[in-house]
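Before any comments, here is the structure.
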Amino acid sequence: PPDIPVADVQAQLGELQRIADENGGNRAHGQPGHKATVDYLQSELDALGFETTVQEFSADGDTGWNLIADWPAGNANEVLMLGGHVDSVPNGPGINDNGTGTAGLLEVARAVAEQDLQPNKQLRFAWWGAEELGLLGSGHYVQNLPAAELDKLSGYLNFDMTGSPNAGYFVYSPEGQPEGSAELTDTLNAYFDTTGVETELIDLGGRSDHAAFADAGVPTGGTFTGAEGQMTEEQAQKWDGTAGEAFDGCYHQSCDTVDNVNETALDRNTDAIAYALWTLATS
Ligand code: PHE
Ligand code: CA
Ligand code: ZN
Ligand code: ZN
Ligand code: ZN
């Protein structure tokens with residue numbers, strides 16, 4: 001698997017910050033910065049050779065968009081999906097939540113294209129709208145996916161908040177998730193083993209976009225570096241963080257800017273996406 005240059009991921013966070021700055025300070029559902037983000041990502045992915053689709057939906061009286069990007073290779077009957085939400089809250093630019101997952105996925109997609117990867121499984125990337133209104137974009141996608149298409153999904157990996165400033169290293173717990181989820185968890189953990197970073201399993205319940213896939217029986221997994229919760233003493237020691245402080249003190253606030261990102265966590269989590277994709281989709 002490739003080592004994704006973290007400087008390239010940071011450059012994309014700069015683009016997302018610029019888009020927010022030029023559109024009233026956020027990238028939220030119902031605001032111009034949301035569509036501007038989707039348009040920007042689509043043009044990048046089109047240029048890389050992905051087959052992109054923008055799925056429109058309506059929520060809270062406003063139009064929202066999901067961006068889907070398929071890599072035209074591999075067995076179309078076995079699809080590995082990877083995604084994260086592309087909307088911010090109205091309070092701010094949403095750079096850690098979820099510019100980090102958004103940019104990480106884009107840079108992994110770029111690596112796929114640059115290697116002209118010929119995986120066994122088909123790869124499908126997704127950037128979801130209206131997560132912050134209650135997981136609406138991913139819910140819309142899953143609800144409108146024909147059963148035959150749903151059956152082709154071998155797994156869904158979710159990345160929401162992967163560069164929290166006081167970073168924890170959490171991998172989604174497979175407990176209570178569809179059969180097959182443990183393989184996704186084990187693969188992500190295998191990446192962190194190579195870095196010597198200890199992870200913790202976390203039960204996120206229905207707090208992010210994997211929920212609709214899990215409800216539909218698709219194996220799910222993902223990584224997370226923490227939100228409003230406070231880091232314990234024990235976690236601070238193993239993760240070189242600050243005990244008694246939030247993982248992300250700017251969670252859902254205007255200060256969630258390009259300055260609100262732990263570059264080491266961003267680097268590791270983006271490399272984890274690439275490792276999982278290469279491990280699960282190539283032989
Ligand atoms: N989904 C929540 C949000 O975007 C936060 C969160 C992210 C919770 C990841 C759990 C896992 O605000
Ligand atoms: Ca890297
Ligand atoms: Zn629709
Ligand atoms: Zn959020
Ligand atoms: Zn989020």
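Note that ligands are numbered from 1 as they come in the structure, with each ligand's atoms numbered from 1 the same way. Everything quoted here is computed from the prediction, not taken from an experiment.
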Taking the Zn ion (ligand 5) as the apex, OD1 on Asp160 and NE2 on His85 give an angle, to 10°, of 90°
Ring center gap for [X] and [Y] short of 6.0 angstrom:
X      : Y      : result
Trp65  : His34  : yes
Trp239 : Phe170 : yes
Phe125 : Phe50  : yes

N, O or S atom within Asp271 nearest to the Ca ion (ligand 2), by name: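 Looking only at N, O and S atoms of Asp271, the one nearest the Ca ion (ligand 2) is named OD2.
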Item checked: Closest Asp267 atom to the Ca ion (ligand 2) [N, O or S only] ->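 Going by distance to the Ca ion (ligand 2), the closest N, O or S atom in Asp267 is OD1.
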Regarding Asp70 and Gln122, do their side chains bring together a donor and an acceptor under 3.5 Å, going by distance alone?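 Indeed, the side chains of Asp70 and Gln122 share at least one donor-acceptor pair under 3.5 Å.
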* In Glu132, what N, O or S atom is nearest to the Zn ion (ligand 4), if we give its atom name? ->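 Atom name of the closest N, O or S in Glu132: OE2.
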- Angle subtended at the Ca ion (ligand 2) by Ile4 O and Asp3 OD1, rounded to 10 degrees: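 Nearest ten degrees: 90°.
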Which of Val258, Asp256, Leu266, Leu13 passes side chain to side chain contact (heavy atoms under 4.5 Å, CB included) with Asn96? Answer is Asp256
### Message
Assess the residue pair Ser208 and Glu131 against the criterion (side chain to side chain contact (heavy atoms under 4.5 Å, CB included)); give the C-alpha distance rounded to whole Å, side-chain angles, the decisive distance to 0.1 Å, and a yes or no.
### Response
CA-CA 7 Å; Ser208 194; Glu131 190 269 357; 3.9 Å; yes
Give a yes/no answer: is there an N/O/S atom of Pro5 under 3.0 Å from the Ca ion (ligand 2)? no
Atom name of the N, O or S atom of Asp97 nearest to the Zn ion (ligand 5) is OD1
